[in-house]
Amino acid sequence: MKKSVKVLLIALALVVVLVLATGTFTVRENEYACTVRFSKIIETTDTPGLHLKVPFLDSVKYFPKATMLYDIPPSEVLTSDKQNMTADCYILWRIEDPLKFYQTLGSMAVAEQRLNALTYNALKTVMGTLAQADIINMDDGSERNQIYEGIATNVDKLSDSYGIAVDDVKIKRFDLPESNENAVYSRMISERNQMAEKFTADGNYDAAIIRNDVDKQVNIIISNAKAEAAKLEAEGEAAYMRMLAEAYDTAEKKEFYEFTIALDALGQSLTGGEKTIILDADSALAKILAGAN
């Protein structure tokens with residue numbers, strides 16, 4: 001009897017352990033837990049800790065709560081000017097409604113496939129409205145954020161029906177097919193050369209304006225200086241003549257002044273090798289020279 005009781009107790013203990021093992025589940029802080037019974041979700045929770053379920057009947061599906069990065073394989077798109085480009089992008093997404101997510105997609109792999117298709121369609125639609133020159137240029141990269149925002153908005157609206165929220169879509173790079181690379185590089189080189197020629201022409205134009213202005217200022221300064229010099233010279237001559245008039249204000253002084261002027265003129269005429277002069281016999285110099293003999 002005692003042996004049978006012991007066996008019964010052991011069996012009951014095993015049943016209890018089995019029930020506890022299959023009737024409880026743990027939810028982590030960064031995940032959703034969906035209780036599934038007969039392929040249908042009967043309960044969804046994101047509360048961390050230990051939870052109960054019906055043993056053997058219920059199973060649990062776990063889905064991440066964190067934002068996930070999905071690197072989409074590169075794909076070709078066509079621009080509005082009919083140029084092929086290869087776009088390499090990634091998407092940041094998260095599960096917002098686990099019940100809807102499980103009912104419509106069921107797994108992470110299917111979700112990534114659906115996001116791949118949605119993102120490619122949105123990317124193809126947006127790129128189809130842009131010319132290749134609008135994408136490949138020397139403009140500030142921040143101006144292309146509007147392209148990314150438009151794609152992210154479109155994908156987010158479409159993925160809402162799957163219980164998914166799209167936080168961002170970023171294009172890592174655009175590649176050109178080899179057949180288009182040379183043409184694009186040649187166009188970019190031509191544009192840079194045109195910009196350089198424009199800068200050179202603008203610089204030469206500004207330099208010519210500066211030189212003309214400097215020449216004008218120099219001419220004005222020289223002209224003003226010459227006018228000032230002529231004025232000072234005229235004032236000096238007037239002062240000189242006034243001083244002479246004041247110094248020789250009598251007939252005797254005037255006669256003496258004229259005599260000294262004549263002597264100066266005679267002296268200057270005798271400085272060369274020629275010593276012959278012709279004077280009027282009535283002139284004062286002639287009389288002096290004749291008297292000197």
Side-chain angles (χ1 to χ4, degrees), residues 15-78 86-130 144-174:
V15 171
V16 170
V17 171
L18 184 61
V19 169
L20 291 175
T22 59
T24 60
F25 63 94
T26 303
V27 179
R28 299 184 181 89
E29 292 184 355
N30 62 344
E31 65 183 4
Y32 296 105
C34 299
T35 303
V36 180
R37 182 180 299 167
F38 304 120
S39 301
K40 292 183 179 182
I41 292 180
I42 60 173
E43 183 182 4
T44 300
T45 182
D46 60 351
T47 303
L50 190 66
H51 297 263
L52 299 176
K53 64 183 180 68
V54 177
F56 307 110
L57 292 180
D58 296 344
S59 61
V60 180
K61 293 283 187 180
Y62 294 98
F63 300 110
K65 288 174 61 176
T67 299
M68 293 164 286
L69 185 148
Y70 175 49
D71 193 356
I72 298 177
S75 56
E76 288 193 0
V77 294
L78 190 66
T86 301
D88 188 4
C89 59
Y90 66 87
I91 181 171
L92 298 176
W93 67 285
R94 55 190 167 81
I95 299 173
E96 193 171 56
D97 187 340
L99 176 60
K100 188 184 296 185
F101 179 85
Y102 178 77
Q103 291 174 341
T104 56
L105 299 174
S107 68
M108 300 293 291
V110 176
E112 290 182 348
Q113 293 176 2
R114 192 60 51 87
L115 287 171
N116 190 354
L118 294 177
T119 305
Y120 173 70
N121 290 334
L123 181 64
K124 182 173 64 174
T125 301
V126 173
M127 293 299 105
T129 64
L130 301 173
R144 285 185 281 274
N145 286 338
Q146 295 181 354
I147 300 176
Y148 306 148
E149 291 172 359
I151 296 173
T153 301
N154 291 340
V155 177
D156 183 56
K157 289 180 179 179
L158 295 173
S159 60
D160 181 66
S161 59
Y162 303 110
I164 292 174
V166 174
D167 295 329
D168 200 3
V169 175
K170 280 291 187 290
I171 299 175
K172 294 188 291 185
R173 59 180 296 172
F174 281 110

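What you see is a predicted model; the values in this text were computed from it and never measured.
Between the CZ atom in F63 and the NZ atom in K61 there is a gap of 6.5 Å [rounded to 0.5 Å]. The SG atom of C89 sits 7.0 Å away from the CD1 atom of I151 when rounded to the nearest 0.5 Å.
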For residues 97-115, tabulate all N or O donor-acceptor pairs below 3.5 Å that involve a side-chain atom, not counting sequence neighbours.
| residue | atom | partner | partner atom | Å |
| --- | --- | --- | --- | --- |
| D97 | OD1 | L99 | N | 3.2 |
| D97 | OD1 | K100 | N | 3.3 |
| T104 | OG1 | K100 | O | 2.7 |
| S107 | OG | V110 | N | 3.4 |
| R114 | NH1 | Y162 | OH | 3.0 |

Could you give the side-chain donor-acceptor pairs of residues 30-37 under 3.5 Å, partners two or more places apart or in another chain?
| residue | atom | partner | partner atom | Å |
| --- | --- | --- | --- | --- |
| E31 | OE2 | R28 | N | 2.9 |
| Y32 | OH | I95 | O | 3.2 |
| R37 | NE | D58 | OD1 | 2.5 |
| R37 | NH2 | D58 | OD1 | 3.4 |
| R37 | NH2 | D58 | OD2 | 2.9 |

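The two atoms that bring L118 and V155 nearest to each other are O-CG2, 4.0 Å, heavy atoms only. I164 approaches W93 most closely through the heavy-atom pair CG2-CE3, 3.7 Å. Closest of all the heavy-atom pairs between R94 and A66 is CB-O, 3.9 Å. Shown here for T47 and V27, the closest heavy-atom pair between the two residues is O-CB, 3.5 Å. When all heavy atoms are compared, the tightest approach of V166 to D156 is N-OD1, 2.8 Å.
Formation of a donor-acceptor pair under 3.5 Å by the Y120 side chain with backbone atoms of E76 is found in this model. Panel note: side chain T44, backbone I41; no donor-acceptor pair is recorded below 3.5 Å.
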Please report the C-alpha distance between D160 and E96 in whole Å, then the side-chain angles of each, then the deciding distance to 0.1 Å, and finally whether the side chain to side chain contact (heavy atoms under 4.5 Å, CB included) criterion is met. CA-CA 9 Å; D160 181 66; E96 193 171 56; 4.2 Å; yes
Verify side chain to side chain contact (heavy atoms under 4.5 Å, CB included) between N116 and Y70, making sure each step is shown before the conclusion. CA-CA 9 Å; N116 190 354; Y70 175 49; 3.8 Å; yes
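Applying the side chain to side chain contact (heavy atoms under 4.5 Å, CB included) test to T153 and every residue at least two apart in sequence or in another chain returns K157.
Residue L69 is tested with D167, I91, L92 for a side-chain contact (heavy atoms from CB on, under 4.5 Å); the sole match is L92. Residue V77 forms a side-chain contact (heavy atoms from CB on, under 4.5 Å) with just one option from L123, T125, V126, and that option is L123.
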